[in-house]
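A note on names: the letters A, B, ... follow the listed sequences, proteins ahead of strands, and every chain is numbered from 1.
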Amino acid sequence: MSGAFAFVVGTIPFLWQGLLMTLYVSAIVVVLSVVVGVVFGVLLAYGPWWARWPLRAYSDILRGTPLLVVIFTIYYLLPFAGLNLQPLPAVLLALVMFKTAHVSEIARGAIQSIPQGQTDAAKAIGLTFFQRLAYVILPQSVRRFLPPWINSVTDAVKGSSLVSLVGIVDLMLAAQQVIGRTYEPLPIYLLAAAIYFVINYSLSTLSRRLEARYAYIRE
Amino acid sequence: MTDRRNDEGAPRRSFLKLGALAAGAAVASTAAQKAAAQAAPASTLRAALDRGKLIVGTGSTNAPWHFEDEKGQLTGMDIAVARILARGLFDDPNKVEFVRQEPAARIPNLVTGKIDCVIQFMTVSPARAQLVNFSRPYYIEGVALLTSSKGKFKTHKELLDAGAGAKASVLQNVDAEKLVAKALPKAQVMQLDTQANAIQALDSGRADAAVIDLSTVGWLVKRNPDKYLDSGFHYETQLYSIAVRQNDHDWLKFIDTTLNVNMHGHQTDLYDQAFRDFFATEPPKRTPGFPNI
């Protein structure tokens, strides 16, 4: 048993670079998708029709398409339109586009869940549109935005393993590479699963704290 | 449709790069004309020489073909063949960039111009030859039965004699039952989703033999002689070749020539060393006289 333990410990350096890539991809996807997604969400809730309709179509098409298909479309189809992206930019673009579609819907839902009375009251005391958004609507929406958003963040971490399909060495491909050399699948897959669990468990713990903190704002 | 895509694969790559650099349409068109003058005809051979390195699509998860060694460097028979090509092009086996890809990405990455060639244990088949061009084979793969030194049956004869009492694990496939039956007509067949899991079944005592690639058997027995045995029965053959885009005669011809020189001619050192390292076998002796190639 100690031999198996030593073997698993010995594979950690090989997984390390892969883990960094997984964290890097996840961080970029989470940050960009929340920034763009919230803007899209606000536009979906309050925007003029010419902003709403294309965003509606974008969000519905992307949310209705498997992530794998989005990645392959950008990586293999865009070259025929004259845009031959390198693997990492291509897959980051696909993941961010996909995640943004989800986040924009979460944001729209959170904003529209705030009762109309709040807007009416804010108007009554003379707040402008952006003041109403910044001081009344968004602070209250955060509470409703957080739980589904954290779900989608853990999804992004797990979804980042799809980058290995275009040859980027993330945690998953690094694990497969060690298996390819050693033909010892079980201990390595268990180790990789444990690492994914640690990342996602930390995220959901963080989410519970955030939710507890924002719960104060309410009624 | 497919043919058209393949036609355009090679020139697109150089055009794209120039297109990205050029700000205006006028600049782009003069740059493209210059490139056309240099690289006529637009062969991948010329593109690779101008670039100064070869770009090869391969994998990183299958020993002994393409895998990371204990230092994290890509190595294996496919990698050695890529280095043979790089030496032929640049007189330097290290001028090669590896693009890691899944087996399913071999043809898409080639056709969309992301790589110069595929060297990734690619089995030659007439169906694939409709989409890509294959070089001469650089290896003939077979199938063999891996057994465990702790198992009940160690040799092919013992497995045969056991009849229906023997269990064989094999990679899931439409022809998997038939494949096992050719070696062990009465054995029970256990189909599993990966070759690694077929081996895992042998390790855990669920199977008496794993029916897997001959090269994998050689690799595992060489590395773990006290754990695994080769039952001694080898059968089936499949050709492994380098794949290139269609309609690029110069490139295909260059690859064939380089492989011939490295497998049969005066430069067999890299090929022979890889053969010894990865298949634990002595490469065949070459004899002057009638060319058996």
Assess the side chains of A:N84 and B:K114: does a donor N or O sit below 3.5 Å from an acceptor N or O? yes

A:R208/A:E211 salt bridge by N-O under 4.0 Å criterion: no

Which region of A:F14, side chain (C-beta onward) or backbone (N, CA, C, O), has a non-hydrogen atom less than 4.5 Å from a non-hydrogen atom of chain B, or is it both or neither? side chain

Chain B heavy atoms under 4.5 Å from A:L78: which part of the residue, side chain, backbone, both or neither? neither

Counting heavy-atom pairs under 4.5 angstrom with chain A, the leader among B:Q101, B:H66, B:E102 is B:E102

Looking at residues at least two apart in the chain, or sitting in another chain, which of them share a side-chain hydrogen bond (donor to acceptor under 3.5 Å, both in side chains) with A:Q17? none

If you tally heavy-atom pairs under 4.5 Å against chain A, which of B:N109, B:N62, B:V99 wins? B:N109

Just say parallel, tilted or perpendicular for the rings of B:F275 and B:F279, cut-offs at 30° and 60°. perpendicular

With B:N133, which residues qualify under side-chain hydrogen bond (donor to acceptor under 3.5 Å, both in side chains), at least two apart? none

Should the pair A:R56-A:E105 be classified as a salt bridge under the 4.0 Å nitrogen-to-oxygen rule? yes

So which of B:I199, B:D69, B:L220 has the biggest tally of heavy-atom pairs under 4.5 Å with chain A? B:D69

Residue by residue, which of residues 169-198 of chain A have a heavy atom closer than 4.5 Å to a heavy atom belonging to chain B? A:V169, A:L173, A:Q176, A:Q177, A:I179, A:G180, A:R181, A:Y183, A:E184, A:P185, A:L186

If I measure from the heavy atoms of chain A, does B:E68 come under 4.5 Å with its side chain, its backbone, both, or neither? both

Output side-chain donor-acceptor pairs under 3.5 Å for residues 39-53 of chain A, partner residues at least two apart or in another chain, one line each.
residue, atom, partner, partner atom, Å
A:R52, NH1, A:G47, O, 2.7

Ranked by heavy-atom pairs below 4.5 Å to chain B, first place among A:L165, A:V166, A:L77 goes to A:L165

Sort A:Y75 into side chain, backbone, both or neither according to what part of it lies under 4.5 angstrom from a heavy atom of chain B. both

Is the B:Y240 ring parallel, tilted or perpendicular to the B:W65 ring (thresholds 30°, 60°)? perpendicular

For B:K227, look at atom NZ and say whether over 12 heavy atoms of other residues, nucleotides or ligands are found less than 6.0 Å away. yes

Tell me whether the centres of the aromatic rings in B:Y139 and B:F121 are closer together than 6.0 Å. no

